[in-house]
**Student:** 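Shown below is the structure under consideration.
Since this is a predicted model, take the numbers as computed values, not measurements.
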Amino acid sequence: MTELSYKTLQISRRKRVVTVSINNPPINVLDVTLMRELRSFLASVRDDPETRVIVFESADREFFVAHVDMTLGERPDDLAELQRDVPTGLNPFQAFAEAVRGQPQVTIVKLAGFARGGGAEIVAAADMAFAAEDIGGLAQCEALMGIIPGGGATQYLSQRMTRGRALEVILGADMFDAKTAERYGWINRALPADELDGFVARLADNIAALPDGVIAAAKRAVPPEIEANGFARESEGWMSLVFQPSVGQLMAGQLKAGAQTRDGERDLESLLRSVIERSA
């Protein structure tokens, strides 16, 4: 693996396990730089035989990845950058999540703190996810912004849980604690916070030490199937909403009320709902 320099990522290696610590203050918002650097990192190790397991964590114990940058629509150059090299049939956010899901190495999310929107889609795109009880949380909050998830969540959640639960997650737009997320199938396990690091380290080391060929054979035998045209339906639904003027006005009001600040993001769902109520 060639070591690269990143603004939003801290990369460390222990034998054949590489840990990616996400560090994009103040709340690890999923902006163009973070998406570009994560995709660049994944491409840099894709064919590296000495990298067998990739662990994603956050340098901020309160926020894993907040959500896609709500100001992105105000920067056409950034939107144009996201559109470059996107595979046919996917939008840029789906392509980003699919880069995680399609990685040949085993990908593991170690979740301490909140993951919302596009951040929660990273969790669902990874092969495995483990969260800290009491401090780990997941939400697909896009409905409160006047849109639906557009980075694969409708497809990934439908693989992990029943349709009713997936619709509850998407339309209920609430924060799910780690124990409930485990019960729904969103994550593998919820663990006491003081056990999370040790558990993930042992699992990653054990997988990385398997004989040659075992990981690739297992990932081929247990394919991550997505229903035909599922991404197209998601993208169509997302695009039918995201460019409406009313959505831009709603998000502007939510940003003004404190979205994408540390204080506002601690109870983002309540903040988003309060703006909806005032604008009704």
**Student:** Can you tell if the side chain of V18 reaches within under 4.5 Å of the side chain of F41, non-hydrogen atoms only?
**Tutor:** yes
**Student:** Please tell me whether L271 and F63 are part of a single hydrophobic cluster in this structure, the criterion being side-chain heavy atoms less than 4.5 Å apart.
**Tutor:** no
**Student:** Which distance, rounded to the nearest 0.5 Å, do you find between the CD1 of I22 and the CZ of F56?
**Tutor:** 7.0 Å
**Student:** With the side chain counted from C-beta on, respond yes when S158 and R163 share a heavy-atom pair under 4.5 Å apart, and no when they do not.
**Tutor:** no
**Student:** Heavy-atom distance under 4.5 Å between the side chains of F114 and L138, does that happen here?
**Tutor:** no
**Student:** Tell me, with the steps shown, if V29 and E265 meet side chain to side chain contact (heavy atoms under 4.5 Å, CB included).
**Tutor:** CA-CA 10 Å; V29 71; E265 294 280 334; over 6 Å; no
**Student:** Set out, in order, the CA-CA distance, both residues' side-chain angles and the distance that settles side chain to side chain donor-acceptor pair (under 3.5 Å) for D31 and N24, then state yes or no.
**Tutor:** CA-CA 9 Å; D31 58 16; N24 192 26; 3.2 Å; yes
**Student:** Count I, L, V, M, F, W, Y as connected when their side-chain heavy atoms are under 4.5 Å apart, and connections chain through other members. Are L268 and F64 then in the same cluster?
**Tutor:** yes
**Student:** Indicate yes or no: does K110 engage D197 in a salt bridge with an N to O separation below 4.0 Å.
**Tutor:** yes
**Student:** Are K179 and D134 close enough for a salt bridge, meaning some N to O gap below 4.0 Å?
**Tutor:** no
**Student:** Indicate yes or no for a side-chain donor-acceptor contact from S279 to the backbone of V275 under 3.5 Å, with no hydrogens or angles considered.
**Tutor:** yes
**Student:** Are E227 and Q155 linked by a side-chain donor-acceptor pair shorter than 3.5 Å?
**Tutor:** no
**Student:** Would you confirm whether S58, through its side chain, and R61, through its main-chain N or O, come within 3.5 Å as a donor-acceptor pair?
**Tutor:** no
**Student:** Under the criterion side chain to side chain contact (heavy atoms under 4.5 Å, CB included), I'd like the reasoning laid out for E168 against F176: C-alpha separation, chi angles, the key distance, then a yes or no.
**Tutor:** CA-CA 11 Å; E168 178 191 349; F176 279 65; 3.9 Å; yes
**Student:** Are any of the side-chain heavy atoms of P25 and N23 separated by less than 4.5 Å?
**Tutor:** yes
**Student:** Below 4.5 Å, heavy atoms only, C-beta onward: do Y156 and R101 meet side chain to side chain?
**Tutor:** yes
**Student:** Measuring from atom CD of E121 to atom NE2 of H67, what distance do you get when rounded to the nearest 0.5 angstrom?
**Tutor:** 12.5 Å
**Student:** Drop me the distance from M161's CE to Y184's OH, to the nearest 0.5 angstrom.
**Tutor:** 8.5 Å
**Student:** Compile the donor-acceptor pairs under 3.5 Å between side chains in residues 141-149 and protein atoms, sequence neighbours left out, one pair per line.
**Tutor:**
| residue | atom | partner | partner atom | Å |
| --- | --- | --- | --- | --- |
| E142 | OE1 | Q140 | NE2 | 3.1 |
| E142 | OE2 | Q140 | NE2 | 3.0 |

**Student:** Decide, yes or no, whether a salt bridge links R273 with D174 under the criterion of side-chain N to carboxylate O below 4.0 Å.
**Tutor:** yes
**Student:** Please report the interatomic distance CE(M239) to CD(E234), rounded to the nearest 0.5 Å.
**Tutor:** 12.5 Å
**Student:** Determine, using the 4.5 Å side-chain heavy-atom cutoff (strictly less than), whether L157 and L90 are members of one ILVMFWY cluster.
**Tutor:** no
**Student:** With no hydrogens and no angle check, do the side chains of T19 and R13 hold a donor and an acceptor under 3.5 Å apart?
**Tutor:** no
**Student:** Does I135 share a hydrophobic cluster with I122, counting links as ILVMFWY side-chain heavy atoms below 4.5 Å and allowing steps through other members?
**Tutor:** no
**Student:** Where is the tightest heavy-atom contact between R266 and E62, given as atom of each residue plus distance?
**Tutor:** NE-OE2, 2.5 Å
**Student:** Under 4.0 Å between a Lys/Arg side-chain N and an Asp/Glu carboxylate O for E50 and R16?
**Tutor:** yes
**Student:** Is the shortest side-chain N to carboxylate O distance from D212 to R52 below 4.0 Å?
**Tutor:** yes
**Student:** Salt-bridged, D177 to R183, with N to O below 4.0 Å?
**Tutor:** no
**Student:** Could you tell me whether the side chains of D69 and Q260 share a donor-acceptor contact shorter than 3.5 Å?
**Tutor:** yes
**Student:** Test side chain to side chain donor-acceptor pair (under 3.5 Å) on T51 and Q105; report intermediate values, then the result.
**Tutor:** CA-CA 7 Å; T51 300; Q105 291 88 2; 5.2 Å; no
**Student:** If you link I, L, V, M, F, W and Y whenever their side-chain heavy atoms are under 4.5 Å apart, who else ends up in the same group as M128?
**Tutor:** V17, V53, V55, V106, I108, F130, L191, L196, F199, V200, L203, I207, L210, V214, I215
**Student:** If we count only N and O atoms by modelled type, under 3.5 Å, do the side chains of T8 and E37 hold a donor and an acceptor together?
**Tutor:** yes
**Student:** Within the supplied structure, the quantity of interest is the number of heavy atoms (other residues, nucleotides, ligands) at a distance under 6.0 Å from D194 CG; does it exceed 12?
**Tutor:** yes
**Student:** Distance check, rounded to the nearest 0.5 Å: R116 atom CZ versus I27 atom CD1?
**Tutor:** 8.5 Å
**Student:** Answer yes or no: is there a side-chain heavy-atom contact under 4.5 Å between F93 and L72?
**Tutor:** yes
**Student:** About how many Å separate OG of S44 and CZ of R39, when rounded to the nearest 0.5 Å?
**Tutor:** 13.0 Å
**Student:** Between A124 and W186, which heavy-atom pair has the shortest distance, and what is it?
**Tutor:** CB-NE1, 4.4 Å
**Student:** Examine distances only and state if a side-chain atom of Q244 and a backbone atom of S240 form a donor-acceptor pair shorter than 3.5 Å.
**Tutor:** yes
**Student:** Hey, are the side chains of L250 and Q254 touching, using non-hydrogen atoms and a 4.5 Å cut-off?
**Tutor:** yes
**Student:** Can you name the nearest heavy-atom pair linking N91 to G150, along with the distance?
**Tutor:** ND2-O, 3.0 Å
**Student:** Do the side chains of R233 and E236 get close enough for a salt bridge, i.e. N-O under 4.0 angstrom?
**Tutor:** no
**Student:** Of all heavy-atom pairs between L34 and N28, which one has the smallest distance, and what is that distance?
**Tutor:** CD2-O, 4.4 Å
**Student:** Of all heavy-atom pairs between D47 and P49, which one has the smallest distance, and what is that distance?
**Tutor:** O-CD, 3.2 Å
**Student:** Tell me whether L241 shares a hydrophobic cluster with L82, the cluster being built from Ile, Leu, Val, Met, Phe, Trp, Tyr side chains joined at under 4.5 Å.
**Tutor:** yes
**Student:** Can you list the steps and then say if Q94 with S235 is a side chain to side chain contact (heavy atoms under 4.5 Å, CB included)?
**Tutor:** CA-CA 8 Å; Q94 292 169 337; S235 192; 3.8 Å; yes
**Student:** Side chain to side chain contact (heavy atoms under 4.5 Å, CB included), that's the test. Do Q103 and V45 meet it? Break it down for me.
**Tutor:** CA-CA 9 Å; Q103 197 70 10; V45 299; 3.7 Å; yes
**Student:** How close do S21 and A59 get, counting heavy atoms only, and between which atoms?
**Tutor:** OG-N, 3.3 Å
**Student:** Is the shortest side-chain heavy-atom distance between D205 and R14 below 4.5 Å?
**Tutor:** yes
